[in-house]
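A note on names: the letters A, B, ... follow the listed sequences, proteins ahead of strands, and every chain is numbered from 1. Keep in mind the model is a prediction, meaning the values are calculated, not measured. Note: hydrogens, waters and symmetry copies are ignored here, and every other heavy atom, side chains too, is used.
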Amino acid sequence: MTVVTRFPPSPTGFMHIGNARTALFNWLYAKNTGGKFLVRIEDTDRERYSEEAVQVILNGLEWLELDYDNEPESQFANRRRHIDIANELLAKGMAYKCYCTPEELDAMREKAKAEGLPTYYDRRWRDKDDSDAPAGVDPVIRIKAPLDGSMIVEDEVQGKVEVQNKQLDDFIILRSDGTPTYMLAVVVDDHDMGVTHVIRGDDHLNNTFRQNVVYDAMGWDKPTYAHLPLIHGPDGSKFSKRHGAQSVEEYREMGYLPEAMRNYLLRLGWSHGDDEIIPTDKAVEWFNLDHIQKSPANFDFAKLENLNAHYIAEMEANALIDSARPFFDEELTNIASQRMLEGIGELKKRSKTLLQFAEEAAFYIKAPDSYNEGAQKNLDTDGLEVLEKIIPVLEGLSDVTPDSVMDACKTLAGEIRDGKLGKIGMPLRAALTGSDKSPAIFEAAAILGKDESIARIQKAIQAFK
RNA sequence: GUCCCGUUCGUCUAGGGGUCUAGGACACCGCCCUUUCACGGCGGCAACACGGGUUCAAAUCCCGUACGGGACGCCA
């Protein structure tokens with residue numbers, strides 16, 4: 001049997017990080033088993049629907065590089081089929097029309113609450129005849145859930161879960177306006193799409209029992225279920241806006257790599273022994289449903305950052321510079337990217353995100369037009385004196401390499417600063433980069449070249465003398 | 001309120017009755033390296049929620065308590 005998994009997002013306008021992980025797990029499971037990964041947009045709520053919202057989700061999947069094996073299906077487009085099933089159930093006597101008004105329902109809800117009942121609907125129309133129908137009321141269709149006994153779900157993550165049937169109500173499968181509800185639509189679509197494994201958030205665990213009522217009524221085979229615990233914020237409470245970035249879009253904008261994202265999300269709730277760095281090919285090879293944690297995981301930005309730094313360091317130089325392109329304030333010139341390429345080793349070590357990479361590399365694009373506080377301190381009279389003396393030293397260099405620049409500066413340090421290289425390096429750093437923190441400065445000077453370096457030194461002298 | 005699920009270092013986790021004085025990773029702290037900030041190397045701190053069982057033996061099995069989370073829509 002070929003495994004078929006699916007990712008069924010509702011178009012809310014953004015892709016939650018938790019949804020991204022669910023998508024990843026489904027994708028991995030499909031890849032691991034040589035199965036298919038399908039996407040279905042749960043767009044039956046027409047009031048909230050928008051084309052852009054769908055696109056956001058698809059873009060999220062694309063960015064995460066989770067490819068799917070179908071044209072994304074629209075649940076709304078399948079509504080005729082859902083309605084047919086509802087009518088079939090009605091004809092078979094496994095569902096019935098309920099003519100309750102919203103007011104009646106409210107009253108039942110109040111009553112049930114007061115009595116501490118598990119469900120509110122009292123099934124008053126379950127056995128009534130259609131001829132009792134009040135005029136002018138459009139009925140909903142409710143499914144007949146079992147009245148007693150219990151139901152067991154063998155969940156791949158949660159294990160055996162049993163629920164008493166009296167906890168279940170005769171839920172609505174077709175609304176009074178004739179549209180199908182989610183509870184019906186998922187089941188019909190999953191069945192029609194041949195979904196074999198439903199891997200989703202455990203906020204759906206309770207729904208599983210309701211959905212199984214539909215499977216049973218239709219006599220369909222149920223899929224294998226795996227309910228993943230939810231992702232919480234760093235403080236252990238539900239991941240919300242105040243915890244920071246919630247959507248994959250935001251992580252992309254902060255300069256995280258899709259590969260790092262995948263690795264992080266995978267390890268959040270799943271493990272493979274002591275392995276931490278799990279590139280995608282390994283993830284596909286190793287992934288299974290056996291090592292999923294049952295308790296919710298707290299999101300940890302520091303660990304994500306650490307993983308991101310790792311994948312940045314591993315990235316091929318040209319690809320890295322190209323990925324960082326959107327993060328530069330300035331247009332990335334050829335000469336600038338050439339310089340970055342030369343200095344890539346230093347740049348990589350210093351960047352946890354693409355955004356940071358762009359900041360670290362910015363001085364390769366153009367001379368500083370401002371100097372930070374630390375830089376200013378190094379451009380005092382002592383510093384300026386050093387700069388004045390560096391110019392002829394640089395000019396005298398026939399071969400400008402990191403080593404030759406450093407050797408020359410060492411010599412200069414011996415002559416005027418008791419051999420303290422820092423006294424030479426720091427003012428140079430300030431002049432070249434506008435900061436007191438930067439990649440190795442003698443290498444940077446060599447990469448910038450003799451003319452550019454001297455020009456920047458002169459500029460700094462002008463600015464501070 | 002009813003039902004369902006969970007609980008190992010600050011965080012993600014390893015662990016399937018003895019090999020656990022509980023391992024790894026991130027974070028944190030210290031030392032080394034060093035022209036800055038980083039990188040790196042080495043070392044350190046730090047956990048089985050609590051209470052009862054079962055057993056020769058329990059982080060591992062059972063029960064209860066506490067605390068967290070989830071579900072109870074003509075939303076998905």
Using purine N1 to pyrimidine N3 plus N6-O4 or O6-N4 for Watson-Crick, or N1-O2 and O6-N3 for G-U wobble, both under 3.5 Å, which nucleotide pairs with B:rU60? none

Mind checking A:Lys238 for me? I need base, sugar-phosphate or nothing, with any heavy atom below 4.0 Å counting as a touch. sugar-phosphate

Remember a base hit wins even if backbone is also touched, and classify A:Lys113 as base, sugar-phosphate or nothing at under 4.0 Å, heavy atoms. nothing

Tell me what A:Pro439 touches on the nucleic acid: a base, only sugar-phosphate, or nothing, going by heavy atoms under 4.0 Å. base

Could you measure between the two P atoms, the one in B:rA59 and the one in B:rG18, and give it in whole Å? 11 Å

Looking for any heavy atom pair under 4.0 Å, which part of the strands does A:Thr119 touch: base, sugar-phosphate only, or nothing? nothing

Provide the distance between the two P atoms, one in B:rG15 and one in B:rC9, to the nearest whole Å. 16 Å

Once you apply a heavy-atom cut-off of 4.0 Å, does A:Glu360 come out as touching a base, just sugar-phosphate, or nothing? nothing

Over 60° means perpendicular and under 30° means parallel, so tell me whether A:His16 and A:Phe14 are parallel, tilted or perpendicular. perpendicular

Would the distance check show the side chain of A:Asn165 and the main-chain N or O of A:Leu147 forming a donor-acceptor pair, the cut-off being under 3.5 Å? no

Using both distances under 3.5 Å as the test, list the Watson-Crick or G-U wobble partner of B:rA38, or none. none

Base, sugar-phosphate, or nothing: which does A:Leu230 touch, judged by heavy atoms less than 4.0 Å apart? sugar-phosphate

Between A:Val161 and A:Cys100, name the one whose nearest nucleotide on RNA chain B is closer to the 5' end. A:Val161

Can you check the distance between B:rG23 and B:rA46, where both ends of the measurement are the P atom (answer in whole Å)? 12 Å

For the P atoms, the ones on B:rU7 and on B:rA14, what distance do you get once it is rounded to whole angstrom? 10 Å

Basic-acidic side-chain contact under 4.0 Å: A:Asp190, A:Arg6: yes

Mate of B:rC74 where both pairing distances stay under 3.5 Å, Watson-Crick or G-U: none

Quantified in whole Å, what is the P atom distance between nucleotide B:rC20 and nucleotide B:rC63? 29 Å

Could you pull out all residues at least two apart from A:His82 that satisfy ring pair (Phe, Tyr, Trp, His ring centres under 6.0 Å)? none

Nearest-angstrom distance, C1' atom, B:rA22 to B:rU8: 8 Å

Students often get this wrong, so: under 4.0 angstrom with heavy atoms, is A:Gly269 touching a base, only sugar-phosphate, or nothing? sugar-phosphate

Is any side-chain N of the basic residue among A:Glu346 and A:Lys348 closer than 4.0 Å to the acidic one's carboxylate O? no

Look at all strands and tell whether A:Asp169 reaches a base, only sugar-phosphate, or nothing, counting heavy atoms closer than 4.0 Å. nothing

Classify A:Gln158 by what it touches in the nucleic acid, base, sugar-phosphate, or nothing, heavy-atom distance under 4.0 Å. sugar-phosphate

For B:rC39, measure the glycosidic angle (O4'-C1'-N9-C4 for a purine, O4'-C1'-N1-C2 for a pyrimidine) and name it syn if it falls within 90° of 0, otherwise anti. syn

Counting only Watson-Crick pairs (N1-N3 plus N6-O4 or O6-N4) and G-U wobbles (N1-O2, O6-N3), all under 3.5 Å, who is the partner of B:rG43? B:rC29

Pairwise 5' ranking along RNA chain B for A:Asp177 and A:His232, keeping only the more 5' one: A:His232

Paired with B:rA14: which nucleotide, if any, by Watson-Crick or G-U wobble criteria at under 3.5 Å for both distances? none

What form does the base of B:rG51 take, syn (within 90° of 0) or anti? anti

Looking across every strand, which nucleic acid part, if any, lies under 4.0 Å from A:Phe442 by heavy atom: base, sugar-phosphate, or nothing? base

Taking any heavy-atom pair under 4.0 Å as a contact, classify A:Glu162: base, sugar-phosphate, or nothing. sugar-phosphate

Return the orientation label for the A:Phe464 and A:Tyr371 ring planes: parallel under 30°, perpendicular over 60°, tilted otherwise. perpendicular

Salt-bridge contact A:Lys144-A:Asp170 (side-chain N to carboxylate O under 4.0 Å): no

Quick one: label A:Asp436 by what it contacts on the DNA or RNA (base, sugar-phosphate, nothing), any heavy atom closer than 4.0 Å. base

Identify the nucleotide, in any strand shown, that forms a Watson-Crick or G-U wobble pair with B:rG68, with both distances under 3.5 Å; if there is none, say none. B:rC5

For the C1' atoms, the ones on B:rC45 and on B:rA27, what distance do you get once it is rounded to whole angstrom? 12 Å

Within the 3.5 Å criterion, strictly below it, is a donor on A:Arg109 or A:Thr119 matched to an acceptor on the partner's side chain? no

Look at all strands and tell whether A:Ala440 reaches a base, only sugar-phosphate, or nothing, counting heavy atoms closer than 4.0 Å. base

Rounded to the nearest 0.5 Å, how far does CE of A:Met426 lie from OG of A:Ser438? 8.0 Å

For nucleotides B:rC74 and B:rA25, find the distance between their C1' atoms and express it as a whole number of Å. 49 Å

With heavy atoms of chain A within less than 4.0 Å as the criterion, where does contact along RNA chain B begin and end? B:rG1 to B:rA76

Contacts table for residues 357-364 of chain A: side-chain donor-acceptor under 3.5 angstrom, sequence neighbours left out:
unit_1   : atom_1 : unit_2   : atom_2 : d
A:Glu360 : OE1    : A:Arg350 : NE     : 2.9

Which part of the nucleic acid does A:Val140 contact within heavy-atom distance under 4.0 Å: base, sugar-phosphate only, or nothing? base

